[in-house]
Amino acid sequence: CSPGTYSATSGASDASVCLPCRAGTYNALEGRTALSACRACNPGSYSAGGVAECSFCEPGTQQASASASGCNPCSDGSHGSYCPEGSRFPVLCPGGTYSSAAANVQASDCTDCPQGSYCPPGSTNSTPCQEGTFSSTTRSISCSLCAAGTYQPASGQSGCIACGPGYYCPSGGTAAVPCPAGTFSSTPGLQSASDCSPCPKGSACEMGVSAPSPCRKGEFANVTGLPVCFECAPGTFQDGAGESACKSCAAGAYCVRAAFAELPCPAGTYATAPGLRSAAECNACDAGSWCPPGATAPTPCAPGTFASAQGVSACTACTAGSFQDASGQTSCKACSPGSYCPQAASGELPCPEGTYSNTPSLSGVVQCTACPFGSFCPAGATVATPCAPGTYINNTSAAVCTKCAAGTFEGHTGNPTDSCTYCTYGKYASSIGAIACTDCAAGFYAASTGAVACAACPPGQFAPKAGA
């Protein structure tokens with residue numbers, strides 16, 4: 001019998017008695033007499049039966065068992081692999097490559113893993129790098145963690161993103177982490193929270209900022225590392241930005257919480273002390289004084305004005321007919337007789353010469369009364385004074401009486417005449433202001449009226465008695 005066959009029959013006359021070796025076996029020798037002479041095919045080979053030697057599995061197939069009558073596809077789809085001729089098992093695609101094909105023959109049939117992915121040995125597909133990792137080259141077996149100072153929020157990436165200002169990124173980060181509240185960063189690529197800088201005095205830093213925010217007016221930051229600025233306390237203020245302290249409210253003003261300016265005490269009030277917190281702490285202006293907005297002390301009412309109550313913003317002018325000659329007063333005085341007082345008078349004005357007034361509270365000069373005939377009225381007169389004997393007045397509104405001229409006389413008080421009486425014959429008045437004429441002495445005479453002196457009787461004549 002030929003190789004690949006056997007026969008146990010004796011006395012055979014032809015090869016028809018030779019039986020083929022079963023599938024999966026072979027016989028390389030002639031004249032074999034038993035089935036046991038057929039040997040099993042080794043793994044990686046096969047036979048259909050009746051052969052002298054087994055055939056290697058064709059490239060792209062494999063057989064892990066002995067005595068196989070055929071070979072299997074190289075891959076069942078669970079691994080990326082290839083099978084050269086005579087393969088007992090699939091050979092895994094090398095790390096950094098992949099394949100989903102079932103009949104790969106050699107390693108070059110596996111596909112290179114692209115950037116942004118990785119391929120362990122035997123991969124059927126490339127696996128995208130997870131968030132926080134990357135692959136910058138082809139044929140990567142594994143992905144690399146993003147370095148500290150970078151991050152990657154997406155999968156399947158070939159590189160990482162630099163951490164921006166205001167953030168930090170630990171190794172393998174999938175997102176930039178904001179600098180904690182109270183810190184900031186103006187530079188990119190920070191690796192940890194400790195790389196963030198504390199917010200300086202006079203400013204505040206919210207989470208994830210690249211620069212400090214100066215404190216607004218009415219706020220302050222007296223320490224570093226604040227997430228928010230403090231409000232100025234009542235009684236203080238700050239009119240500038242980026243400050244580390246507040247200012248005390250000055251006298252005459254008050255400051256509410258978070259004030260960016262001093263508020264003046266309202267009109268009618270004042271404050272001598274600094275640091276007031278509300279308008280209610282301002283003092284009411286004293287009676288007899290007034291207070292403009294922001295006053296630090298009451299201002300006494302000027303002469304001619306007054307303030308009868310507390311808390312006034314302006315003094316009241318004295319009404320006509322009254323006056324006030326002192327400052328800081330709560331009322332006005334009635335104008336005295338003999339004077340008049342216009343509105344806001346700081347003193348009494350006397351009725352002019354030639355007038356008088358015997359009533360109080362006159363408001364104007366027109367209310368003073370003209371002096372009558374026979375009387376005189378000096379400035380500020382309260383009554384008309386009759387002219388004394390020896391004087392006269394020839395008009396109304398006179399300030400003084402006129403003395404009788406020499407040669408005249410007036411013997412009455414307040415005589416309402418416009419001149420004095422001439423001395424009669426035989427009488428004379430040698431000086432002004434005479435209240436009566438004097439008789440000429442015996443031996444003298446006055447031959448006309450209004451004589452200022454008597455003449456001696458001429459020779460040959462005489463005057464036996466006075467008054468001739």
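The model shown is predicted, which means the values in this text are computed figures rather than measured ones.
Under the side-chain hydrogen bond (donor to acceptor under 3.5 Å, both in side chains) criterion, Ser336 pairs with Glu348, sequence neighbours left out. In this structure Ser331 satisfies the side-chain hydrogen bond (donor to acceptor under 3.5 Å, both in side chains) test with no other residue, sequence neighbours excluded. By the salt bridge (Lys or Arg N to Asp or Glu O under 4.0 Å) test, Arg88 is found to be paired with no residue, residues two or more places apart in sequence or in another chain being considered. Considering only residues two or more places apart in sequence or on other chains, Lys333 meets the salt bridge (Lys or Arg N to Asp or Glu O under 4.0 Å) condition with Asp325. Under the salt bridge (Lys or Arg N to Asp or Glu O under 4.0 Å) criterion, Asp195 pairs with no residue at all, not counting sequence neighbours. Every residue meeting the ring pair (Phe, Tyr, Trp, His ring centres under 6.0 Å) condition with Phe220, not counting sequence neighbours, appears here in chain and number order: Phe230. Shown here are the salt bridge (Lys or Arg N to Asp or Glu O under 4.0 Å) partners of Lys201, two or more places apart in sequence or in another chain: there are none. Remark: Ser135 pairs with Ser140 by the side-chain hydrogen bond (donor to acceptor under 3.5 Å, both in side chains) rule, at least two apart or across chains. Partners of Asn283 by side-chain contact (heavy atoms from CB on, under 4.5 Å), not counting sequence neighbours, listed by chain and number: Tyr270.
Disulfide criterion (SG-SG under 2.5 Å) for Cys163 and Cys169: met. The SG atoms of Cys93 and Cys110 are placed within less than 2.5 angstrom of each other.
The side chain to side chain contact (heavy atoms under 4.5 Å, CB included) with Cys291 is formed by just one residue from the set Pro266, Cys265, Cys282, Pro298; it is Pro298.
For the ring-ring contact (aromatic ring centres under 6.0 Å, His included) condition, no pair includes a residue of residues 367-403, sequence neighbours left out. Legend: salt bridge (Lys or Arg N to Asp or Glu O under 4.0 Å) pairs involving residues 136-147, not counting sequence neighbours, sorted by first then second residue: Asp112-Arg139.
Side-chain atoms of Ser244 and Asn222 form no donor-acceptor pair, as typed in the model, at a separation below 3.5 Å.
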Is there a salt bridge (charged side-chain N to carboxylate O under 4.0 Å, His left out) between Lys465 and Asp439? Walk through the geometry before answering.
CA-CA 10 Å; Lys465 58 179 181 179; Asp439 288 339; over 6 Å; no
Under 3.5 Å donor-acceptor pairs involving side-chain atoms of residues 143-160, not counting sequence neighbours:
from, atom 1, to, atom 2, distance (Å)
Thr150, OG1, Ala147, N, 3.3
Thr150, OG1, Ala147, O, 2.7
Gln152, OE1, Ala154, N, 3.1
Gln152, NE2, Gly159, O, 2.7
Gln157, NE2, Ser155, O, 3.0

